[in-house]
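Working notes, beginning with the structure itself.
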Protein chains: 2
Amino acid sequence: MYYGWRGMTLEADEYLAKQGLSRSHHRILYVVARQPDIAIGSLIEILGISKQALNRPLNLLLGRKLLTSQRSPEQHRSKLLRLTEAGKRIEQRASDQERKVMREAFDRVGARGAAAWMAVMETIADNN
Amino acid sequence: MYYGWRGMTLEADEYLAKQGLSRSHHRILYVVARQPDIAIGSLIEILGISKQALNRPLNLLLGRKLLTSQRSPEQHRSKLLRLTEAGKRIEQRASDQERKVMREAFDRVGARGAAAWMAVMETIADNN
DNA sequence: CCCTCAAGTCAATATAGTTGACATGAGGCG
DNA sequence: CGCCTCATGTCAACTATATTGACTTGAGGG
């Protein structure tokens with residue numbers, strides 16, 4: 001399973017490295033892509049890291065204008081994160097490298113096999 | 001997939017932490033369990049880390065007498081590693097925690113589903 | 001005696017996280 | 001207005017796990 005994880009992320013990591021980013025940046029982009037306007041606090045909870053650990057990669061992404069942050073309009077005190085067009089592009093390309101690997105593997109086992117794979121992963125991921 | 005990996009290793013990691021060990025120690029024990037009398041150089045290659053990185057956890061395991069090392073008898077200049085009884089016990093208990101999680105997940109999808117899961121993992125692990 | 005190979009060790013550095021303490025900016029409220 | 005709280009931001013010290021480079025040790029071989 002360890003090697004499976006490595007095999008899936010290998011090409012995406014190479015792509016990210018060329019952009020001067022790493023896995024932690026991708027995790028942030030990935031979460032924000034799937035939950036636009038997420039607050040920083042929620043992001044911290046989802047990623048399961050401290051705000052200090054989030055700070056550096058997040059600022060880098062903001063500085064590169066891959067993400068924007070703005071106070072919630074007329075509402076809360078939290079800042080909402082959103083991908084810029086450039087951010088979307090990078091997130092997609094990195095995730096696509098991973099999806100490509102998965103798609104090829106799923107093609108070999110068919111739809112039922114793919115569904116079984118998902119079911120197994122969900123079951124063990126629940127094991128918290 | 002990340003959460004799947006975490007779910008699988010979570011309980012094993014808790015057990016290992018109680019023994020004052022970590023994932024890296026388990027990796028060493030795991031490899032030696034499956035390849036008794038392995039040389040240190042081969043272990044380094046399999047784990048894919050530098051000898052300096054291996055040094056610390058390996059010495060800890062030797063110091064705790066979970067592993068033994070001895071010069072190859074009348075043969076080479078390499079040292080061969082082997083688990084002690086205590087080492088086997090710890091390795092088994094840690095691996096059993098992981099296998100338990102997998103077995104439960106496999107039970108839900110049946111033999112064909114389990115085979116499909118394995119096939120997918122092997123395909124993506126090959127992606128080097 | 002010298003060379004080589006496998007292993008062991010020392011030091012400096014990188015990466016990715018941690019905890020603790022404190023600062024800032026906005027809203028709610030008496 | 002002044003004070004409290006919440007969400008965020010930042011500084012510093014520390015830990016764990018890895019890296020590369022340089023050097024040592026111990027066992028054979030020619």
Side-chain angles (χ1 to χ4, degrees), chain A residues 2-3 5-6 9-10 12-14 16-32 35 37-63 67-82, chain B residues 2-3 5-6 9-10 12-14 16-32 35 37-63 67-82:
Chain A
Y2 173 69
Y3 292 107
W5 168 255
R6 269 234 316 230
T9 58
L10 200 72
D13 282 342
E14 280 170 16
L16 288 162
K18 267 190 278 180
Q19 317 294 320
L21 304 175
S22 67
R23 194 117 289 275
S24 60
H25 303 106
H26 187 199
R27 279 204 290 266
I28 296 171
L29 295 176
Y30 181 88
V31 172
V32 177
Q35 246 173 282
D37 283 339
I38 188 176
I40 292 190
S42 317
L43 182 57
I44 285 171
E45 261 188 56
I46 291 174
L47 295 175
I49 61 177
S50 61
K51 65 179 170 177
Q52 295 92 329
L54 177 64
N55 192 43
R56 232 180 238 247
L58 181 60
N59 274 332
L60 193 144
L61 295 173
L62 288 169
L67 283 180
T68 58
S69 81
Q70 46 178 6
R71 294 272 170 190
S72 177
E74 311 278 7
Q75 292 265 19
H76 302 69
R77 340 179 194 211
S78 50
K79 282 197 186 169
L80 307 183
L81 298 172
R82 193 178 276 240
Chain B
Y2 172 69
Y3 292 108
W5 167 256
R6 270 235 316 232
T9 58
L10 199 73
D13 283 343
E14 279 170 15
L16 287 162
K18 267 190 279 182
Q19 318 294 318
L21 304 174
S22 67
R23 195 117 290 274
S24 61
H25 303 106
H26 187 199
R27 280 203 290 266
I28 296 171
L29 295 175
Y30 181 88
V31 172
V32 176
Q35 242 173 285
D37 282 340
I38 189 176
I40 291 190
S42 318
L43 182 57
I44 285 171
E45 262 187 55
I46 291 175
L47 295 176
I49 60 176
S50 60
K51 64 180 172 179
Q52 295 92 328
L54 177 64
N55 192 43
R56 233 179 237 245
L58 181 59
N59 274 332
L60 192 145
L61 294 174
L62 288 168
L67 283 180
T68 58
S69 81
Q70 48 178 3
R71 294 271 171 192
S72 176
E74 311 278 9
Q75 292 264 23
H76 304 68
R77 336 176 198 212
S78 50
K79 283 195 185 170
L80 307 183
L81 298 172
R82 193 179 277 240

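Chain naming here is simple, since letters A, B, ... match the order of the sequence lines and numbering starts at 1 in each. Scope of the values below: all heavy atoms of this structure, side chains included, with no hydrogens, waters or symmetry mates. Note that the structure is a prediction, hence the values are computed from the model and not measured.
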### Task
Considering just the side-chain nitrogens and oxygens of A:Ser22, establish if one lies under 4.0 Å of OP1 or OP2 belonging to C:dT15.
no
### Query
Using a cut-off of less than 4.0 Å, is there contact between a side-chain N or O of B:Arg23 and OP1 or OP2 of D:dA18?
no
Specify the separation, in whole Å, of atom [atom1] of [X] and atom [atom2] of [N].
{"X": "A:Leu60", "N": "D:dT10", "atom1": "CG", "atom2": "C1'", "result": "16 Å"}
{"X": "A:Glu45", "N": "D:dT8", "atom1": "CD", "atom2": "P", "result": "11 Å"}
{"X": "A:Ile38", "N": "D:dT8", "atom1": "CD1", "atom2": "P", "result": "10 Å"}
{"X": "B:Ile44", "N": "D:dT20", "atom1": "CD1", "atom2": "P", "result": "12 Å"}
{"X": "B:Asp37", "N": "C:dA6", "atom1": "CG", "atom2": "P", "result": "17 Å"}
{"X": "B:Asp13", "N": "D:dT17", "atom1": "CG", "atom2": "P", "result": "11 Å"}

### Query
For B:Gln19, what residues pass the side chain to side chain contact (heavy atoms under 4.5 Å, CB included) criterion, not counting sequence neighbours?
B:Tyr15, B:Leu21, B:Ile90
### Message
Suppose we screen for side chain to side chain contact (heavy atoms under 4.5 Å, CB included). Which residues come up paired with A:Glu14, at least two apart in sequence or across chains?
### Response
A:Leu10
#### Entry: Selection: residues 47-59 of chain B, any non-hydrogen atom under 4.0 Å of DNA chain D
B:Gly48, B:Ile49, B:Ser50, B:Gln52, B:Ala53
#### Entry: Qualifying residues under side-chain hydrogen bond (donor to acceptor under 3.5 Å, both in side chains), relative to A:Ser22, sequence neighbours excluded
A:Ser24, A:His25
### Message
Going by ring-ring contact (aromatic ring centres under 6.0 Å, His included), name the residues that satisfy it together with B:Tyr30, two or more places apart in sequence or in a different chain.
### Response
none
### Evaluation steps, side-chain contact (heavy atoms from CB on, under 4.5 Å), between A:Leu81 and A:Leu58
CA-CA 10 Å; A:Leu81 298 172; A:Leu58 181 60; 4.2 Å; yes
Listing time: all N or O pairs from protein to nucleotides 4-7 of chain D that are below 3.5 Å?
residue : atom : partner : partner atom : Å
D:dT5   : O2   : A:Arg77 : NH1          : 3.2

### Task
List the steps and the verdict of side-chain contact (heavy atoms from CB on, under 4.5 Å) for B:Ser69 and B:Leu62.
CA-CA 8 Å; B:Ser69 81; B:Leu62 288 168; 4.1 Å; yes
### Query
Stepwise, does the side-chain contact (heavy atoms from CB on, under 4.5 Å) test hold for A:Ile38 with A:Ile46?
CA-CA 10 Å; A:Ile38 188 176; A:Ile46 291 174; 3.8 Å; yes
### Query
Can you list every pair that meets salt bridge (charged side-chain N to carboxylate O under 4.0 Å, His left out) and has a residue in residues 18-32 of chain A, with sequence neighbours left out?
A:Asp13-A:Arg23, A:Arg23-A:Glu98
### Message
I need the full list of side-chain hydrogen bond (donor to acceptor under 3.5 Å, both in side chains) pairs touching residues 49-63 of chain B, with sequence neighbours left out, sorted by first then second residue.
### Response
B:Asn55-B:Asn59
